[in-house]
Amino acid sequence: MSNDVKTDLQASGKPQGSTVPVWIFAVTLVLLYIGGIYFDRNSGWFNAEVYAPYQTMEQLEAYQPKSGAAAMMAQGQRTYGMICAACHGDSGQGKPGQAPPLAGSEWVNAADFKEVAEIPQLGLNGEVHVEGQDWNQQMAPMGATLSDSDLAAVLTYIRGSWGNKGGAVEQDDVKALRTAVAGHPPINGEAGLKAIK
Amino acid sequence: MNANETKYSAIDASCRVPLLALFGGAALWLIVGLGLAFLASLTFHMPEKFAGCPYFSYGRIEPAANDAIVYGFALPAALGVVLWIFARLGETELALPIVPIAAANIWNIGVLVGIVGILIGNSTGFAWLEFPRPASVLIFIAYLLIAISAFATFGARRERALQPAHWFLLAGLFWFPWIYSTANLFLVAWPVRGVTQAVIDWWFSNNLLFVCFGLLGLGTAFYLLSKISARPVQATNYALFAFWTFILFAPWCGMPQTAPIPAWLPAASGVASGLMVVPVIALCVVYLKTVYGAKVECKGGPYCHAKFATAAFILSALMLLCWGCPVFGKVVDLTWFGPSQVYMQLFGFFAIVVCAGIYESLAGVMGLELPFPVFVRFQHWAFMIGLALLVVPLAWCGVHQGFKMQDATIPFSDITQGTLMSLRVSSMGWLFLLLGSLMLAANIFVMTIKWHLGVVICVKDAITAPLETQEVKS
Amino acid sequence: MKSGFSVFLAAFIGLGLSWCGFVLGPVLQLGAGKQTMVLNSSEVYPNQRPGDATLGLQVYRAYGCAACHTTQVGQDGMICDVVLAGKNSAAVSNLVASLKLTGLTIDDAGLVSSKIAAAGGKMETHIIPVGADIARGWGMRHSVAEDFLWDNPVQLGSVRIGPDLANVGLRYDAAWEYQHLLDPKSQTPNSAMPPYKFLFESAAGGSGKLVPSEDAKNLVAYLLSLRVNVPLHDAPYSTVAPKK
């Protein structure tokens, strides 16, 4: 137990020194700089999807597994069931007065996938001949909000199911197509379809 | 007695009953908490001991022990010391003394409700926040009452200039209600969804154990180091810098490096952990300059305690830096290293500095000599030995655990088996800490009893004293 | 610092900044609790736990299981394997014999794939997470926020005194779990886990057998519901077994 004769404040004294030496500021700034570099490299810049060990969103996207052929058909089937089957039917048979058939459709089986790809991306209205029948409906761009992977999968599925022999559609081709037709209006009738290159 | 001593004895006397209320409850809860912690550590050596009793399963007594130590002992004792420091530094008597007395009783009821709640299975499930809702409400109310008295005393101070101790203590007092209310509102009252709960829990734990306790403890240490050596805190420019960098960087530590949260959270904590070097360096400068010019004999008294505690804080900050930094943190996360850093902070730093404050204040406040002065030194030794036996083996085995976990060929049960020897040593550590706490309690309770007896004797003498007689002139 | 108000301001700034960063930020970013889709599928993830598993989470909390167990898997990195798919010509097989196909980075995998494609072959790139937890069989990929979406309170755990439980529902069945709770040493000889005998009661009819109590049943239902081996956009991996 101590015997304080002075008051506590006499003992404490007035605060001494008014400036902090430069060297400790310099150390702080250096550490902040290093910390900034570390944060820039490893934080994913506040993206909610980037978890360690991934460092950036680009890296995460690069490591997304691209589906093999069978997986693509399965993925396409699921997407078809969610988005397309309501109007085009579970087996692509179409519904009179609502949507043309996809099974056996000459547009689906065309060698070039672009026509059948642009329809879900941009939408279609006006008169179209499908398998000898006239159809005049309006289709909203149902595929525009799908990911590249999902749209490629559903197109691959449609082109490879129910007797169709149109061939697979690659994810990268879908990506290129989307860039090429960005901002285009819905396709207008058969003339619009035939105009696609 | 010179004028100063008379003034200070009046100030001390005004703190008497509030401090007794706070310290008495704190000493009791420290014994309870350390006892529960010892029982919890026994689970590793004798798992079948409590196999039939749900109230003593490890998952209940371990959080109960932690919360008893933090909310039952650490906070109330620290608040008592803070009230005394504010009164003395301000050279004014304690304002609204009845308020902390009522608050101490509410606080003890809250802790009792909380501990019982955890033991019967009503824990909230959040680390360091396990008290069920009624208990946390009581503790929060009690805290606000004590804070009111503290701020009133601070506001009434005669010397208006602020000391370094003031900055840290004021900031520490302000810290707790914000973090405690945020944690309870976002986790218990209106829980947020999913892993956000874990983020807020980690934020709260770091801000309570490292930042809030750091501020309250450093403020107490600065006050005691300067008061006992009758010499001001040196290098106050560094102290101010340490204060600012501490409150800017330290609250951002705490996110574990391997947690299932978006990468920016552990990255921010990693940067903050690295930046903690700066306040640590500044504190080292202040500490060395303040301590190595003072001519105080270190006889195991409060000065010794305060010196040791400040050094322990620097060590605990360095341990937190290791735990939180990117590369090493990934290895030692989810091992015993984390708990060992918390124990270093709680027992090495906070408990010891608060005990220093208790011993420094108690004799003056009570106006009595300490009943067992030799216990002060013995308690210091018991705590130091207990701390060494607790922290060093757990830190060592935590690092080992971490490196072994990186090798998937080592079966997991072998890794746990490898920690058992360290856990046995840590059980001894709990025993030594418990011994120290008994000595602290002995001093406080015997002094309280003596004082009560003194009051009773005074009253009895006043009642039985012969009445004054006057001559009646006819 | 000249006045109490300036100290208050300093503390307000310090605590306020960290509150914004670590409380407000995560609540705004993660607090909406949005479900996500399983990778390359239209399944929504996660589904809510069945009723008794939700009660089991409360038993898990009440007994403080998180004091010893964690439910979070970590990951240290990712590697790629390039695997031939379908029928390939002899020329492609010869080319492949001279290339390194396993343990590649994504860029190297791209180079190898383009070499094989140039030779006319068909291949797939498999993404394989690696890490100590994954090597121990505790999970296929690191845990993410969506894994804990429906849990209240989230019991991540902080120390691994016992093994990680993130995918324990895939490793053991109900019978194993009951036996483990009753007597851990009977299944893991050097286990440090205490027996939880009080979770079991004597069977009605005085046969002397032990049956699980309501708490035990719910707890085991919760443990069996712990399975997060599902690829997601923020935790991708290829769902084919890599060839060893």
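Lettering follows sequence order; numbering is per chain, from 1. Note that the coordinates shown come from a computational prediction; the quantities given were computed from them, not determined experimentally.
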Minimal non-hydrogen separation, [X] against [Y], with atom names:
X: C/A62; Y: B/G121; value: CB-O, 3.3 Å
X: C/G16; Y: B/W178; value: CA-CH2, 3.5 Å
X: C/A11; Y: B/F174; value: CB-CD2, 3.5 Å
X: B/P260; Y: C/S143; value: CB-O, 3.3 Å
X: C/Q72; Y: B/T258; value: OE1-O, 3.5 Å
X: C/A10; Y: B/I247; value: O-CD1, 3.4 Å

Check each atom of [X] against the heavy atoms of chain C and say whether the ones under 4.5 Å are side chain, backbone, both or neither.
X: B/S123; result: both
X: B/L265; result: both
X: B/W203; result: side chain
X: B/Q417; result: side chain
X: B/C397; result: neither
X: B/P256; result: neither
X: B/L173; result: neither
X: B/F154; result: side chain
X: B/F243; result: side chain
X: B/T335; result: backbone
X: B/P191; result: side chain
X: B/D201; result: neither
X: B/M255; result: side chain
X: B/Q401; result: side chain

Per-residue contact mode, [X] against chain B (heavy atom under 4.5 angstrom):
X: C/S158; answer: backbone
X: C/N152; answer: both
X: C/S3; answer: backbone
X: C/A32; answer: backbone
X: C/D147; answer: neither

In Å and rounded to the nearest 0.5 Å, what is the [atom1] to [atom2] distance from [X] to [Y]?
X: B/Q197; Y: C/L156; atom1: CD; atom2: CG; answer: 9.5 Å
X: B/F44; Y: C/I161; atom1: CZ; atom2: CD1; answer: 4.0 Å
X: B/T124; Y: C/R61; atom1: OG1; atom2: CZ; answer: 8.0 Å
X: C/D164; Y: B/M405; atom1: CG; atom2: CE; answer: 8.0 Å
X: C/R160; Y: B/T416; atom1: CZ; atom2: OG1; answer: 11.0 Å

Interface residue of largest heavy-atom contact number with chain B, from [options], under 4.5 Å:
options: C/W19, C/Y60, C/F8; value: C/W19
options: C/A145, C/G74, C/G64, C/G33; value: C/G64
options: C/S6, C/C65, C/G21; value: C/G21
options: C/L149, C/L15, C/V159; value: C/L15

Do any of residues 22-31 of chain C have a heavy atom less than 4.5 Å from a heavy atom of chain B, and if so, which, in residue order?
C/F22, C/V23, C/P26, C/V27, C/Q29, C/L30, C/G31
Residue-level interface, residues 177-201 of chain C with chain B, non-hydrogen cut-off under 4.5 Å
C/K185, C/T188, C/N190, C/A192, C/M193, C/P194, C/P195, C/Y196, C/K197, C/F198
Look at atom OH of C/Y45 and say whether more than 12 heavy atoms of other residues, nucleotides or ligands are closer to it than 6.0 Å.
yes
Give the member of [options] that has the highest number of heavy-atom pairs under 4.5 Å with chain C.
options: B/G338, B/A259, B/A171, B/S413; result: B/S413
options: B/W264, B/W202, B/F126, B/F337; result: B/W264
options: B/A272, B/A198, B/A250, B/P262; result: B/P262
options: B/I200, B/I118, B/V192; result: B/I200

NZ or CZ of B/R193 within 45° of C/W150 ring axis and under 6.0 Å
yes
With a distance cut-off below 6.0 Å to the six-membered ring centre and an angular limit of 45° from the axis, does C/R136 pair with B/F412 as a cation-pi contact?
no
Are C/V7 and B/F168 close enough that some pair of their side-chain heavy atoms sits under 4.5 Å apart?
no
